[in-house]
Amino acid sequence: MEYSNDENLLDEGNFDREVIIKGLNDSQKEAVTSPLQNMLIVAGAGTGKTRVLVSRIAWLINVEGIYPRNILAVTFTNKAANEMRERIGQMVGNTAKTQLWASTFHSVCLRLLRSYAQYADLKPGFTVLDTDAQTALVRRIMKDKNMDTKDLKPSEVACRISSLKEKGIRALEFSKSMRSRTDVFFDEVSSVYTAYERLCNQENSVDFSELLLRTVELLERNDEIRNLQHRRFKEILIDEFQDTNSIQFKFAKLMTGPDSHVLVVGDDDQSIYGWRGADYTNMERFISEFPNVKQILLSLNYRSYQKILDMANTIINDNTDRLMKKVLKGNIGEGEDVEIINCATNSLETEFVGSTIRMLKDQGEKLSDIAILYRNNYLSLGFEQKLTQRNIPFIIYGGQKFFERAEILDALAYLRILVNEDDDTAVLRIINVPARKIGPKVVADLRAISSERHCSILKAIALLEFYANSENADKALKTLYKKVEPFYSLIKELKAFKKNAPLSKLTQHMLSVTGLNDFYQAKDEKEGRSSEGNSRFGNLGVLVSNVKDFEEALNNQSLSEGEVLENALTFDDPLLTYLSNITLVSTGELNEDGSNGAPVCDAVNMMTIHSSKGLEFKYVFLVGFESGILPSSRSEGNCSEERRLAYVGITRAKKQLYITYARARNIFGNTQISGASQFLRDIVRKYNESDSKPYIIRKA
DNA sequence: ATGTTCCTTCTTTTT
DNA sequence: GAAGGAACAT
């Protein structure tokens with residue numbers, strides 16, 4: 001954010017209509033310059049959809065004269081939101097950039113809920129439960145109900161609660177719903193859901209899906225707040241619309257006023273999150289439920305050579321449930337054959353990929369132009385080894401996230417308590433971490449008090465302190481208090497410290513006085529973790545520097561006339577601001593080592609096909625293209641989503657695509673013989689007669 | 001209350 | 001083949 005005023009002036013209003021539409025093709029132009037109205041843009045892979053979206057926003061501001069603060073742009077990841085904001089800033093200037101809301105569904109909802117907390121029955125510092133905390137809470141409930149956690153796992157119940165919420169179904173409604181004969185666990189899920197809802201309210205916590213559901217209910221119920229949004233957001237733009245679920249659709253509808261317009265961009269062929277509740281038929285629903293929707297199709301692909309696109313077109317053509325059939329047409333020429341590599345074993349496959357990448361590097365290619373894409377995370381291991389052997393650096397995206405590591409969650413739990421003292425989930429996580437002789441018995445006693453008094457655990461301890469110190473105190477209470485006293489003093493001390501200390505000092509102080517630093521340092525030693533990414537203690541250090549960076553950004557921000565922080569979530573309390581941001585901004589934003597920003601050196605990209613969506617690479621290795629893996633053996637009923645996944649993988653490649661498969665693969669110790677994916681066999685069958693095939697099959 | 005050992009699990013994961 | 005639970009022993 002170090003722009004001088006002069007640059008700012010140069011920036012402003014530099015893009016008039018000619019500049020905005022320069023270089024766009026006809027359908028792109030139509031999308032960008034269309035008069036204000038509801039629009040559905042169907043954008044095939046690589047057809048310049050982000051560019052259209054950004055140009056449209058620039059057009060709205062500079063040509064239509066819409067105020068940036070009246071525009072809401074919704075994306076699915078924070079990364080996408082930030083990117084969009086940056087690009088808009090470049091086109092229309094930084095003032096506009098900061099006034100525009102560009103964020104994820106969840107961030108928008110969190111913002112609304114924080115501002116209208118009281119109207120949504122929430123107390124100001126409410127906690128946003130991440131998946132881990134949500135599961136912990138469900139596990140606690142199931143344990144309390146003496147449920148068997150073997151047949152029905154807490155994580156599964158948590159998942160089902162989330163998907164119910166995503167359909168807008170509350171516990172009460174669910175309990176009254178028709179008992180489906182197929183659902184053997186109906187009673188269990190229903191009773192856990194009911195308790196879960198009650199506890200979340202008591203603990204002043206909301207989970208990810210609750211952010212949406214609570215906001216939707218608030219908007220439905222409260223005319224005033226809803227009208228306020230209608231007056232504010234005149235133009236709403238939603239990216240990746242094929243990935244919206246039903247609550248998000250509802251949210252979009254509620255946010256749209258009678259004189260507002262919504263523009264959605266999506267590609268039904270790239271819908272790969274159906275298993276999470278995403279419903280690409282929302283694109284059809286949009287046409288029928290929003291008035292006068294103008295439809296625009298983008299199918300000119302700027303990314304890949306035609307042979308790659310032919311492969312993609314052929315695969316996706318087999319899907320019978322497509323909303324709009326589109327054929328990707330490129331404009332940069334035929335290109336090289338797609339190479340299909342038939343490998344005898346998975347180690348020959350990894351060997352092939354390793355040596356080919358070595359060759360590309362020797363030819364002077366940048367490693368960052370190369371990607372290895374796989375269906376399952378566990379497939380990455382072999383490639384890691386082969387690349388390491390050849391001294392080729394790589395970055396693995398995904399896998400365990402920094403903010404999902406146990407040590408980080410512990411540290412954050414301590415911090416959460418300081419913002420939301422009702423957060424029992426956080427308290428229970430760390431009340432005995434590091435071990436301070438508070439075992440199940442003590443915890444059970446504390447929880448007995450808290451449920452008797454209908455209060456949080458910390459409140460229960462406060463009550464306990466009062467009674468234990470009163471004159472004719474019960475002996476049992478006294479001993480109980482003695483056991484939790486050190487923990488309670490610790491929390492009191494941290495609370496007092498927080499009042500006068502900046503965020504980073506507080507974090508450092510917390511890590512040392514709680515004993516987390518020592519605890520994890522000792523643990524590292526015992527487990528022989530010393531390398532950089534491996535050390536848990538080291539990760540705590542990374543957390544401190546992350547907090548420091550954040551604090552600095554926050555301070556710089558407040559210096560420049562109260563501008564809103566780029567991530568668009570600021571609250572009075574810096575700690576609350578930090579926590580709010582990391583729970584919704586954490587994943588994928590940090591590198592493996594916890595640093596943010598560009599990787600240290602040129603490296604091969606490794607990731608799942610899912611996480612490659614929206615990205616492109618000059619060279620793509622699509623590996624493990626076998627039956628049982630792609631399509632996954634677990635997705636029997638839903639082959640078309642797997643086919644779309646293959647389609648997404650193929651369309652990531654710009655110049656050269658390698659598809660590899662192993663006839664025999666070692667998985668978890670035992671060898672499986674599966675052979676080429678049916679998708680591949682379908683393609684080969686189709687081109688069998690033809691003498692111009694877009695691919696060549698080789699043996700490795 | 002805590003340390004040990006066995007046993008299960010092993011898609012994908014924007015928030 | 002490794003990691004996280006759960007059950008069991010100390």
Side-chain angles (χ1 to χ4, degrees), chain A residues 74-82 103-110 128-132 134-136 139 143 148-151 153-156 159 162 165-166 206-212 239-240 242-245 247-248 270-278 373-382 397-401 403-406 432-443 483 526-527 569 580-589 607-615 624 628-636 638 641-642 644-646 648-649 666-670:
Chain A
V74 186
T75 60
F76 271 81
T77 65
N78 291 288
K79 206 171 150 211
N82 291 335
S103 54
T104 63
F105 278 104
H106 291 83
S107 295
V108 177
C109 291
L110 178 57
V128 178
L129 297 173
D130 57 33
T131 316
D132 199 275
Q134 183 191 22
T135 310
R139 178 177 293 118
K143 285 265 155 82
D148 181 26
T149 52
K150 239 180 184 168
D151 288 346
K153 277 174 288 182
S155 56
E156 203 203 316
C159 218
S162 279
K165 288 189 184 188
E166 276 157 18
V206 296
D207 60 35
F208 287 141
S209 358
E210 183 72 28
L211 284 171
L212 265 303
D239 197 6
E240 307 275 16
Q242 77 282 351
D243 287 336
T244 51
N245 59 32
I247 198 83
Q248 286 161 338
Q270 291 186 75
S271 157
I272 52 176
Y273 288 102
W275 52 276
R276 273 178 66 145
L373 308 181
Y374 34 81
R375 176 66 177 83
N376 305 335
N377 274 312
Y378 65 75
L379 289 171
S380 71
L381 205 79
Y397 293 86
Q400 200 188 19
K401 309 287 184 335
F403 283 100
E404 286 167 12
R405 291 166 191 266
N432 199 32
V433 178
R436 45 176 79 92
K437 298 188 189 300
I438 300 178
K441 179 75 177 67
V442 176
V443 171
K483 285 185 180 155
K526 215 164 75 184
E527 292 170 2
L569 278 168
S580 297
N581 276 280
I582 55 152
T583 30
L584 294 182
V585 181
S586 57
T587 41
E589 303 277 288
M607 68 192 83
T608 61
I609 306 173
H610 278 92
S611 36
S612 75
K613 199 177 67 163
L615 305 176
I629 293 181
L630 187 65
S632 163
S633 51
R634 299 205 170 200
S635 66
E636 291 153 16
N638 198 359
E641 180 148 316
E642 296 289 310
R644 291 193 291 270
L645 197 51
V648 168
N666 224 308
I667 300 175
F668 305 127
N670 35 344

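What you see is a predicted model, and the numbers here were worked out from it, not measured in a lab. We name chains A, B, ... by the order of the sequence lines, and we start the count at 1 in each one.
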Item to complete: Would you mind reporting whether A:I272 and A:H610 have side-chain heavy atoms less than 4.5 Å apart?
Response: yes
Worksheet, complete the sentence: Taken to the nearest whole Å, CZ/A:R375 to P/B:dT11 is 10 Å
Item to complete: Please state how far atom CD in A:Q248 lies from atom C1' in B:dT14, giving the value in whole angstrom units.
Response: 10 Å
Worksheet item: With respect to the side chain of A:R276, which nucleotide from B:dA1, B:dT13, C:dA6 is positioned closest?
Response: B:dT13
Fill in: Nearest-angstrom distance from the residue atom CZ of A:R644 to C1' of B:dT12
13 Å
Worksheet item: So do A:Y374 and A:S380 actually touch side chain to side chain, heavy atoms under 4.5 Å?
Response: yes
Item to complete: Under 4.0 Å between any heavy atoms, over every strand shown, what does A:V128 touch: base, sugar-phosphate, or nothing? Just pick one.
Response: nothing
Discussion item. With a 4.0 Å limit, can you tell me whether A:N432 has a side-chain N or O closer than that to the phosphate oxygens OP1/OP2 of B:dT2?
Written reply: yes
Item to complete: Please determine, for the side chain of A:N376, which listed nucleotide (B:dC10, B:dT12, B:dA1) has the closest atom?
Response: B:dT12
Worksheet item: Atom CG of A:N666 and atom P of C:dA2: how far apart are they, to the nearest Å?
Response: 13 Å
Response to the item:
note: A:F105, atom CZ; B:dT13, atom P; distance rounded to Å ~ 20 Å
Discussion item. How close do A:T608 and A:N377 get, counting heavy atoms only, and between which atoms?
Written reply: CG2-OD1, 3.3 Å
Fill in: Between B:dT13 (C1') and A:H610 (NE2): distance, integer Å
8 Å
Item to complete: Report yes if a side-chain nitrogen or oxygen of A:T608 is closer than 4.0 Å to either non-bridging phosphate oxygen (OP1 or OP2) of B:dT11; otherwise report no.
Response: no
Worksheet item: Using 4.0 Å as the upper bound for N to carboxylate O, is an ion pair formed by A:E166 and A:R276?
Response: no
Worksheet item: Would you say A:N377 reaches B:dT12's phosphate, i.e. side-chain N/O to OP1/OP2 under 4.0 Å?
Response: yes
Fill in: Atom-pair distance (CG on A:D132; C1' on C:dG4), nearest Å
12 Å
Worksheet entry | Nearest-nucleotide pick for A:K153, side chain only, options being B:dC10, B:dT13, C:dA6 | B:dC10
Worksheet item: Does a side-chain heavy-atom distance below 4.5 Å link A:K437 with A:K483?
Response: no
Discussion item. From C-beta outward on A:T77, which listed nucleotide comes closest to its side chain: B:dA1, B:dT14, B:dT12?
Written reply: B:dT14
Worksheet item: Within the structure, does a side-chain N or O atom of A:S633 lie under 4.0 Å from either OP1 or OP2 of B:dT11?
Response: no
Worksheet item: Which of these nucleotides, B:dT14, B:dT12, B:dT11, is closest to any side-chain atom of A:E642?
Response: B:dT11
Worksheet item: What's the OH-C1' distance between A:Y378 and B:dT13, to the nearest Å?
Response: 16 Å
Practice prompt. Consider the side chain of A:W275, meaning its heavy atoms from C-beta on, and name the nucleotide among C:dA6, B:dT12, B:dA1 that approaches it most closely.
Written response: B:dT12
